[in-house]
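The structure presented is a predicted model; accordingly, all values stated were derived computationally and were not measured.
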Amino acid sequence: MSDGQPNPAFTPRVFSGIQPSGGLTLGNYLGALKRFADSQEQGIQSIYCMVDMHAITVWQDPEALRRQTRELTAGFIASGVDPEKSILFNQSQVAEHAQLAWIFNCVARMGWMQRMTQWKDKAGKNTQNASLGLLAYPALMAADILVYHATHVPVGEDQKQHLELTRDIAIKFNNDYGVDFFPITEPVIEGAATRVMSLRDGSKKMSKSDPSDMSRINLTDDADTIAQKIRKARTDPEPLPDTAEGLKDRPEARNLVNIYAALADLTIDQVIAEHAGQQFGTFKPSLADLAVAKLEPISTEMKRLTAEPDEIDAILRRGSERAREIAAPILAKTYEIVGLVR
């Protein structure tokens, strides 16, 4: 019987997925892709997924969805995720995700789903016209994770509630069937810039949907564009403070310092110690140089890969084969536990 605590008997395994919604930004890189690439060196098996089935909870243009799935794959690889070191695939090629999701639909309770903040935000007041998939997709997210017995999931703050639901589903399944079969997955939230803010408004998250392209750095931006956006980023007239505490009520300043720290693999305190007292007229050129050095190679490699869709498709096919080697026996055991005949 599960008590809600992680079981040390499970092999450590990382899983994460990103929707192929197009328009990768610096926020995607620092909040997810860079962290994924860095974690490959920790000796823990990592599984990364383009969650294209989640994308269709709202209508998608089919050709655009295919293009965006390949673009996202290119973003993973260009950011340093090695398809040989990690498993990289798209969700729809591994049928076990959807099969386990149905079982979890029968474990999860309606009240759990209706409490999800993203359901309330996306469905709004017109819930009767929202798709059933939009309501149920947290169960598919739980299946994405638990079909690999993943023990750790890197997530942003906006996904913590869904991971809590995943834990609830695992606990209820284990308790319902008197087993200790699914792990109680731990969230991994770390780094200086897990939440990158708009370059035009430090109180808002950097987003591809912002009407102003100057509010974000796209991973496809060239060197000149990256530098220009950094130079024109909104700041305040005060110099950088002597301590990190001095950034508390300065959202734009804090955002730029966070970005610098994340790109340079430094702490906030280290950045402040190096640049304390500088005006932004001095700091922003340093940040622009750093951003160009880190991001231009990613942009260049993404363009090369997206021009070679056959290469990307081959990587995804191989990744899905490796993913199914893990997922198939876990699903088979799940069917046995619940009494389904295969």
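Distance alone, capped at 3.5 Å, places no donor-acceptor pair between the D242 side chain and the A276 backbone. With hydrogens and angles disregarded, a donor-acceptor distance shorter than 3.5 Å links the side chain of T69 to the backbone of L65. At distances below 3.5 Å, not a single donor-acceptor pair connects side-chain atoms of D144 with backbone N or O atoms of G17. In this structure a side-chain-to-backbone donor-acceptor pair under 3.5 Å is present from R216 to D210.
There is a side-chain donor-acceptor pair under 3.5 Å between N90 and Q93. Side chain to side chain, N218 and D221 meet the donor-acceptor criterion of an N or O pair below 3.5 Å. The closest side-chain donor-acceptor pair between D222 and T225 falls under 3.5 angstrom. In summary, the side chains of S86 and Q40 do present a donor paired with an acceptor at a separation below 3.5 Å, with no hydrogens or angles considered.
Note on ring orientation: taking the six-membered ring where Trp is involved, the planes of F283 and F280 are perpendicular (angle over 60°, cut-offs 30° and 60°). Ring geometry for F76 versus Y48: interplanar angle of 30 to 60°, hence tilted.
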- Query: Does the side-chain contact (heavy atoms from CB on, under 4.5 Å) test come out yes or no for L263 and L30, once each step is laid out?
  - Reply: CA-CA 8 Å; L263 286 173; L30 293 179; 3.8 Å; yes

- Do S203 and D201 pass the side chain to side chain donor-acceptor pair (under 3.5 Å) test, and can you show the C-alpha distance, the side-chain angles, and the key distance before you say yes or no? CA-CA 5 Å; S203 67; D201 182 348; 2.6 Å; yes

- Message: side-chain contact (heavy atoms from CB on, under 4.5 Å) for V147 and Q99? Distances and angles first, verdict last.
- Response: CA-CA 10 Å; V147 79; Q99 291 172 285; over 6 Å; no

- Task: Applying side-chain contact (heavy atoms from CB on, under 4.5 Å), run through I326 and I47 and close with a yes or a no.
- Result: CA-CA 10 Å; I326 301 169; I47 302 172; 4.0 Å; yes

- Give the C-alpha distance, both sets of side-chain angles, the deciding distance and a yes or no for side-chain contact (heavy atoms from CB on, under 4.5 Å) between L199 and R234. CA-CA 6 Å; L199 298 179; R234 178 177 292 178; over 6 Å; no

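A heavy-atom distance below 4.5 Å is not found between the side chains of Q270 and Y260. Within the 4.5 Å cutoff, the side chain of L140 has heavy atoms near those of the H97 side chain. With contacts defined as side-chain heavy-atom distances shorter than 4.5 Å, the pair K172/W112 qualifies. Contact annotation: the side chain of L135 never approaches that of T127 to less than 4.5 Å [non-hydrogen atoms, C-beta and beyond]. Contact of the H149 side chain with the T11 side chain is not registered, since no non-hydrogen atoms from C-beta on lie closer than 4.5 Å. Between S320 and V94 the shortest side-chain heavy-atom distance falls below 4.5 Å. Counting heavy atoms from C-beta on, the side chains of I169 and T166 never come closer than 4.5 Å. Taking 4.5 Å as the limit, every side-chain heavy atom of S131 sits out of range of all side-chain heavy atoms of V58.
If you chain together hydrophobic residues whose side chains sit under 4.5 Å apart, L256 and L266 fall into the same group. Residues L88 and F36 share a single hydrophobic cluster, defined by chaining ILVMFWY side chains whose heavy atoms lie under 4.5 Å apart. Cluster annotation: I330 is connected to F173 through the hydrophobic network of ILVMFWY side chains, with a link wherever side-chain heavy atoms come within less than 4.5 Å. Residues V51 and V188 are members of separate hydrophobic clusters, defined by side-chain heavy-atom contacts under 4.5 angstrom among Ile, Leu, Val, Met, Phe, Trp and Tyr. Two different hydrophobic clusters hold V292 and M214 under the rule that ILVMFWY side chains link at heavy-atom gaps under 4.5 Å.
Between E41 and K85 there is a salt bridge, since at least one side-chain N of the basic residue sits less than 4.0 Å from a carboxylate O of the acidic one. Ion pairing between a basic and an acidic side chain is recognised when a charged N comes within 4.0 Å of a carboxylate O; D313 and R70 show such pairing. In summary, R304 and E301 engage in a salt bridge, as defined by a charged side-chain N under 4.0 Å from a carboxylate O. No salt bridge links E238 with R250; every basic N to acidic carboxylate O contact stays at or beyond 4.0 Å. Ion pair E321/R318 flagged as a salt bridge, since at least one NZ, NE, NH1 or NH2 atom sits closer than 4.0 Å to an Asp/Glu carboxylate oxygen.
Within a 6.0 Å sphere centred on CD of E325, heavy atoms belonging to other residues, nucleotides or ligands number more than 12. Within 6.0 Å of NZ in K248 there are 12 or fewer heavy atoms belonging to other residues, nucleotides or ligands.
Residue W119 comes nearest to Q114 through the heavy atom pair CD1-O, 3.7 Å, listed as atom of the first residue, atom of the second, then distance. Nearest heavy atom pair, residue V81 against residue P83, reads O-CD, 3.5 Å. Here the closest heavy-atom approach between residue A108 and residue M113 is recorded as CB-CE, 3.7 Å. Considering all non-hydrogen atoms of both residues, K205 and M197 come closest at N-CE, 3.6 Å. Residue A74 comes nearest to I312 through the heavy atom pair CB-CD1, 4.1 Å, listed as atom of the first residue, atom of the second, then distance. Between A227 and A288, the shortest heavy-atom distance links the atoms CA-CB, 4.1 Å.
Under the side chain to side chain donor-acceptor pair (under 3.5 Å) test applied with S21, the options Q68, H54, K208 reduce to a single match, K208. Results of the side chain to side chain donor-acceptor pair (under 3.5 Å) test with E63 over R67, Q60, R66 single out R66 as the only residue that passes.
H152 and F10 have their aromatic ring centers separated by at least 6.0 angstrom.
How far CD of Q45 is from CZ of F15: 12.0 Å, rounded to the nearest 0.5 Å. Taken from CG in L316 to CZ in F89, the straight-line distance is 9.5 Å, to the nearest 0.5 Å. To the nearest 0.5 angstrom, R13 atom CZ is 7.5 Å from I87 atom CD1. Between atom CG of residue L146 and atom OG1 of residue T334 there is a gap of 9.0 Å, rounded to the nearest 0.5 Å. Atom CE in M302 sits 6.5 Å away from atom OG1 in T220 (nearest 0.5 Å). Remark: I268 CD1 to T243 OG1 distance equals 12.0 Å, nearest 0.5 Å.
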